[in-house]
Amino acid sequence: MAKPETISIDVYPWAAPTPEQRAQFDALPLEEKRGMIRRAIADGFDSGPSGKSIDDIIAEARQGVRHAS
């Protein structure tokens, strides 16, 4: 039986993390990273639908706006 292929994908609990956020997240233990990702996904499902386009959401994330209306 062949071994499954392992790939690495950069995943962060933010849409557009800053270099500082990336560095802080990358330094965390694996289980803490997993917990943050799980909470971010749950928060997304719990937040309900948005009237914003994906471009609007990404632009806000890059500007550092949190929970903008």
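Excluded from the calculations below are hydrogen atoms, water molecules and symmetry mates; all remaining heavy atoms, backbone and side chain alike, are included.
The other members of the hydrophobic cluster of I58, by chain and number, are I54 (side-chain heavy atoms under 4.5 Å, ILVMFWY only).
E5 pairs by the side chain to side chain donor-acceptor pair (under 3.5 Å) definition with nothing, not counting sequence neighbours. The side chain to side chain contact (heavy atoms under 4.5 Å, CB included) check on D55 picks up S53, with sequence neighbours excluded.
Q21 places a side-chain N or O within donor-acceptor distance of the main-chain N or O of T18, the cut-off being under 3.5 Å.
Using a 4.5 Å cut-off between side-chain heavy atoms of Ile, Leu, Val, Met, Phe, Trp and Tyr, with links allowed through other members, W14 and I57 fall into different hydrophobic clusters.
Side-chain contact between F25 and P17 is absent, with no heavy atoms from C-beta onward closer than 4.5 Å.
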Result block: side-chain N/O donor-acceptor pairs under 3.5 angstrom for residues 30-37, not counting sequence neighbours:
| residue | atom | partner | partner atom | Å |
| --- | --- | --- | --- | --- |
| E31 | OE2 | R34 | NH1 | 2.7 |
| K33 | NZ | D26 | O | 3.2 |

